[in-house]
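From a predicted model like this one, the values you see are computed outputs, not experimental measurements. Nothing fancy with the numbering, it's 1 onward along the sequence.
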Amino acid sequence: MAETPTRKRIILAITGATGAAIGIRILQLLRGLNVETHLIISKWAAETIKWETDYSIAALKTLADHSYSPHDLAAPIASGSYKTDGMIIAPCSVKSLAAINAGICNDLITRAADVCLKERRRLVLSVRETPFNEIHLRNMLELSRAGAVIAPPVVGFYTKPAGIDDILDQMCGRLLDLFDLDSKSFERWTGMHDGAAGV
């Protein structure tokens with residue numbers, strides 16, 4: 001009898017930076033891809049979600065396979081012995097960025113990120129801030145050297161987005177590409193044809 005393939009297991013953290021819809025769309029796409037999701041919503045992310053979206057925290061938690069309080073340092077994902085395929089923090093605030101870079105594991109988001117770094121698992125930080133100051137840039141450079149992938153949410157204009165949903169699909173799809181997950185949610189660049197973008 002053939003073994004059932006193991007589902008990918010991804011940690012998704014949403015922090016308090018603006019752009020809560022990015023994390024929400026990633027959660028929706030991961031659910032559609034049948035990826036096992038472990039969700040952490042920070043205190044300020046919960047406030048941002050209420051301000052920026054029509055979602056309740058309870059409704060978001062139902063989209064995840066598992067959800068945790070950011071204060072739960074006894075959660076499975078706080079240990080390197082609990083196997084995951086990595087973690088996405090989207091949006092990632094510069095406060096979370098700085099704490100991860102400093103190795104300050106004072107909540108579950110920073111601890112789970114630290115675990116991914118120490119276990120050499122994929123850690124993707126979708127840093128949401130502009131403009132960046134030197135401290136932000138140093139933190140990103142040091143975390144990149146430590147093994148994290150710094151992937152700010154950037155619009156791909158070649159897809160000719162018709163609205164926010166198209167922008168979210170492209171940005172989030174590119175983040176999932178970093179885990180070899182094809183969301184099939186956006187048109188990919190295929191080169192220039194007859195002077196027009198091949199989308």
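- For I14 against I24, the heavy-atom pair with the smallest separation is CD1-N, 4.2 Å.
- Side-chain atoms of Q28 and R31 include no donor-acceptor pair closer than 3.5 Å.
- H136 and E134 share no donor-acceptor pair across their side chains, judged by distance under 3.5 Å alone.
- With hydrogens and angles ignored, the 3.5 Å screen pairs no side-chain donor or acceptor of S144 with any backbone N or O of M140.
- W44 has its side chain out of reach of T15: every pair of non-hydrogen atoms, C-beta onward, lies at least 4.5 Å apart.
- In this structure, SG in C92 is found 7.5 Å from CD1 in I150, a value given to the nearest 0.5 Å.
- Side-chain atoms of I26 and L175, non-hydrogen and from C-beta on, do get closer than 4.5 Å to each other.
- When side chains are defined from C-beta on, M171 does not count as touching D166, because their heavy atoms never get closer than 4.5 Å.
- Inter-residue side-chain proximity for L176 and L33 is flagged as met; some heavy-atom pair is nearer than 4.5 Å.
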List the atom pairs, donor and acceptor, that lie under 3.5 Å between side-chain atoms in residues 99-108 and the rest of the protein, sequence neighbours left out.
unit_1	atom_1	unit_2	atom_2	d
N101	ND2	N139	OD1	2.8
N101	ND2	E142	OE1	2.8
D107	OD1	I109	N	3.2
D107	OD1	T110	N	2.8
D107	OD1	T110	OG1	2.7

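- Side-chain contact check for L29 versus S185: some heavy-atom pair is nearer than 4.5 Å.
- Looking at heavy atoms from C-beta onward, D85 lies out of side-chain contact with I11 at the 4.5 angstrom threshold.
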